[in-house]
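In what follows, a single structure is set out as structure tokens and then discussed.
The chain is numbered in sequence order, starting from 1.
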Amino acid sequence: MTAPASAPMPAPLIGLRVLDLATLFAGPLAATLLGDFGAEVVKVEHPSKPDPSRGHGPSKDGVGLWWKMLGRNKRTITLDLSKPGGRTTLLRLAATADVVIENFRPGTLEKWDLGWPELSAANPRLVLARVTGFGQFGPYAHRPGFGTLAEAMSGFAAITGEPDAPPTLPPFGLADSIAGLTTAYAVMTALAARDRTGEGQVVDTALIEPILAALGPQPLWYDQLGHVQPRTGNRSPNNAPRGVYRTAEGTWVAVSTSAQSVAERVLRLVGRPELIDEPWFATGADRARHADVLDEAVGSWIAARTRTDVISAFEKAEAAVAPVQDVRDVMADPQYRALNTITTVDDPELGPLRMQNVLFRLSATPGAIRWAGRPHGADTDEVLTELGLTETDLKALRTEGAL
């Protein structure tokens, strides 16, 4: 008889409590990532000015869809931190929490007497994650900061686009997403330190820094060689053939030859093995300097075939290729389906919703999406009652305008 499979252990962050005071998008994403693996996340929003992500992008029946993803696994409450009652309530919440995530401009929490001295006094074990455009100090610290500015300032836009075209910004929140991932990692690092010291600390994430790290060794190249990476479109200065190629029916595929062996397989596949014997073919950088020749060889072969035939031939040759997919293709892709990358979440407002699943799989303590983003303030009374506030207390806070 086969033994029954053991049930998964509880998610790894169960017992961790996070207060998400942040908006648009890095701070809230960090809280989402923690919530996906079991943390209890309480989303704190202004009573009359909710997180703007609720109104970003398309909506259905008046309900913002981006929020359904960004707000998943969070309980939502309202609290005006500028009101005395809101301040007092936030400090009471902080005393019960492990992490506070905020992205106000530097000095805003301090203006409300909710800075690190007050928060750490309420809870010495607290980790305060502060996410801003430019960090907590320096000449730009008090400027309004958004991901677009980080994408421009970091050098990303300068190297993105065709050589004879303007710098190109991404059409999605790239810098915010990288900063959100970074902040979640930073929070877990600070919590690991707390396990040893018993004390919390401040995490300072600036949007302009994680994206710069993601760009690789550009500062090192410039420091040592004076090298400034130019815009090269879809080509790479480090290898060729590399780029996107149009198929016979007008679709596109992407080809990469980062490994020398793969480059050789591609040229044999497309019927140009003689190019492998060229002296310049021996290194990726030299191949990149002959990209016109290599792109013509690969591009003309791909242009004569359908995408299905191209991918099948590349797979047989053990060469690296992928279709250029839009979201319709992603939703139907068999690899994404096998991984359950797009999962279905039942939502009381909109019914079944399909969205990205948790970011990675853990074999013993997996994460999960327990619910999609909830309505503004839906859990205010429940959360504050758990905190010990009475009906009279809640009424007084509402009279003050703090809820």
Examine distances only and state if a side-chain atom of [X] and a backbone atom of [Y] form a donor-acceptor pair shorter than 3.5 Å.
X: Asp379; Y: Thr76; value: yes
X: Thr343; Y: Asn340; value: no
X: Thr108; Y: Arg105; value: yes
X: Arg265; Y: Glu318; value: yes
X: Trp371; Y: Lys74; value: yes
X: Thr380; Y: Gly377; value: yes
X: Glu151; Y: Ala175; value: yes
X: Asn123; Y: Ser120; value: no
X: Thr399; Y: Lys395; value: yes
X: Arg242; Y: Asn234; value: yes

TODO: Going by the side chain to side chain contact (heavy atoms under 4.5 Å, CB included) test, name the single residue among Leu128, Leu19, Val127 that passes it with Leu119.
DONE: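 Of Leu128, Leu19, Val127, side chain to side chain contact (heavy atoms under 4.5 Å, CB included) with Leu119 is met by Leu128 alone.
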
Open item on the list: What verdict does the side-chain contact (heavy atoms from CB on, under 4.5 Å) test give for Lys68 and Glu349, after you've listed the backbone C-alpha separation in whole Å, the side-chain angles of each residue and the deciding distance to 0.1 Å?
Closed with: CA-CA 10 Å; Lys68 285 296 177 183; Glu349 287 187 284; 2.6 Å; yes

If you look at every heavy atom in [X] and [Y], which pair is closest and at what distance?
X: Val262; Y: Ala319; value: CG1-CA, 4.2 Å
X: Leu212; Y: Pro219; value: CD1-CG, 4.5 Å
X: Ser53; Y: Leu70; value: OG-CD2, 3.6 Å
X: Pro366; Y: Met9; value: CD-O, 4.3 Å
X: Pro106; Y: Gln136; value: CB-OE1, 3.7 Å
X: Leu267; Y: Leu275; value: CD1-CD1, 3.6 Å

Would you say that [X] contacts [Y] through its side chain, given a criterion of any heavy-atom pair below 4.5 Å between the two side chains?
X: Asn73; Y: Val41; answer: no
X: Arg287; Y: Thr257; answer: yes
X: Leu33; Y: Phe37; answer: no
X: Met153; Y: Phe134; answer: yes
X: Val202; Y: Arg130; answer: yes
X: Asp98; Y: Val18; answer: no
X: Ile77; Y: Glu45; answer: no
X: Val266; Y: Leu294; answer: no

Open item on the list: Show, in sequence, the C-alpha distance, side-chain angles and deciding distance for Leu109 and Glu102, and conclude whether the side-chain contact (heavy atoms from CB on, under 4.5 Å) test is met.
Closed with: CA-CA 9 Å; Leu109 281 184; Glu102 64 96 2; 3.6 Å; yes

Pairs of donor and acceptor atoms involving the side chains of residues 22-30, under 3.5 Å and at least two apart or interchain, shall be tabulated with distances.
none

With rounding to the nearest 0.5 angstrom, report the [atom1] to [atom2] distance, [X] to [Y].
X: Phe146; Y: Thr132; atom1: CZ; atom2: OG1; answer: 12.0 Å
X: Ile208; Y: Tyr140; atom1: CD1; atom2: OH; answer: 8.5 Å
X: Leu387; Y: Thr89; atom1: CG; atom2: OG1; answer: 7.5 Å
X: Leu397; Y: Thr88; atom1: CG; atom2: OG1; answer: 8.5 Å
X: Leu384; Y: Leu394; atom1: CG; atom2: CG; answer: 6.0 Å
X: Asp333; Y: Arg328; atom1: CG; atom2: CZ; answer: 14.5 Å

Open item on the list: Under the criterion side-chain contact (heavy atoms from CB on, under 4.5 Å), I'd like the reasoning laid out for Leu21 against Ile101: C-alpha separation, chi angles, the key distance, then a yes or no.
Closed with: CA-CA 6 Å; Leu21 315 184; Ile101 301 176; over 6 Å; no

Carboxylate-amine/guanidinium proximity below 4.0 Å for [X] and [Y]:
X: Arg17; Y: Glu40; value: yes
X: Arg194; Y: Glu199; value: no
X: Asp381; Y: Arg398; value: yes
X: Arg54; Y: Asp51; value: no

Open item on the list: Could you go through Arg307 and Glu249, starting from their C-alpha distance and side-chain angles, then the distance that decides it, and tell me whether this counts as salt bridge (Lys or Arg N to Asp or Glu O under 4.0 Å)?
Closed with: CA-CA 8 Å; Arg307 185 168 76 175; Glu249 78 270 53; 5.4 Å; no

Open item on the list: Does the structure place the NZ or CZ of Arg87 under 6.0 Å from the centre of the six-membered ring of Trp112, at an angle of no more than 45° from the ring's axis?
Closed with: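 No, Arg87 and Trp112 do not form such a contact.
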
Task: Residue pairs passing the salt bridge (charged side-chain N to carboxylate O under 4.0 Å, His left out) test where at least one lies in residues 168-185, sequence neighbours excluded - done: none

- [ ] Only pairs at least two apart or in different chains count here, so list each salt bridge (charged side-chain N to carboxylate O under 4.0 Å, His left out) that has a residue in residues 157-170.
- [x]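 Non-adjacent pairs meeting salt bridge (charged side-chain N to carboxylate O under 4.0 Å, His left out): zero.
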
Can you give me every donor-acceptor pair (side chain of residues 183-192, partner residue at least two apart or in another chain, under 3.5 Å) with its distance?
residue : atom : partner : partner atom : Å
Thr183  : OG1  : Ala179  : O            : 2.8
Thr183  : OG1  : Thr205  : OG1          : 3.2
Thr189  : OG1  : Tyr185  : O            : 2.9

Open item on the list: Can a side-chain donor-acceptor contact be found between Asp286 and Thr283 if the only test is distance below 3.5 angstrom?
Closed with: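 Per modelled atom types, Thr283 and Asp286 side chains form a pair under 3.5 Å.
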
- [ ] Quick one: list whatever passes ring-ring contact (aromatic ring centres under 6.0 Å, His included) with Phe172, sequence neighbours left out.
- [x] none

- [ ] Show the numbers, then the answer: is there a side-chain contact (heavy atoms from CB on, under 4.5 Å) between Thr32 and Arg72?
- [x] CA-CA 7 Å; Thr32 301; Arg72 70 193 194 192; 3.9 Å; yes

- [ ] May I have the step-by-step check of salt bridge (Lys or Arg N to Asp or Glu O under 4.0 Å) for Lys60 and Asp347, ending in yes or no?
- [x] CA-CA 13 Å; Lys60 180 182 178 183; Asp347 181 67; over 6 Å; no

Open item on the list: According to side-chain contact (heavy atoms from CB on, under 4.5 Å), who are the partners of Arg337, at least two apart in sequence or on a separate chain?
Closed with: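 Result, side-chain contact (heavy atoms from CB on, under 4.5 Å) vs Arg337: Ala332.
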
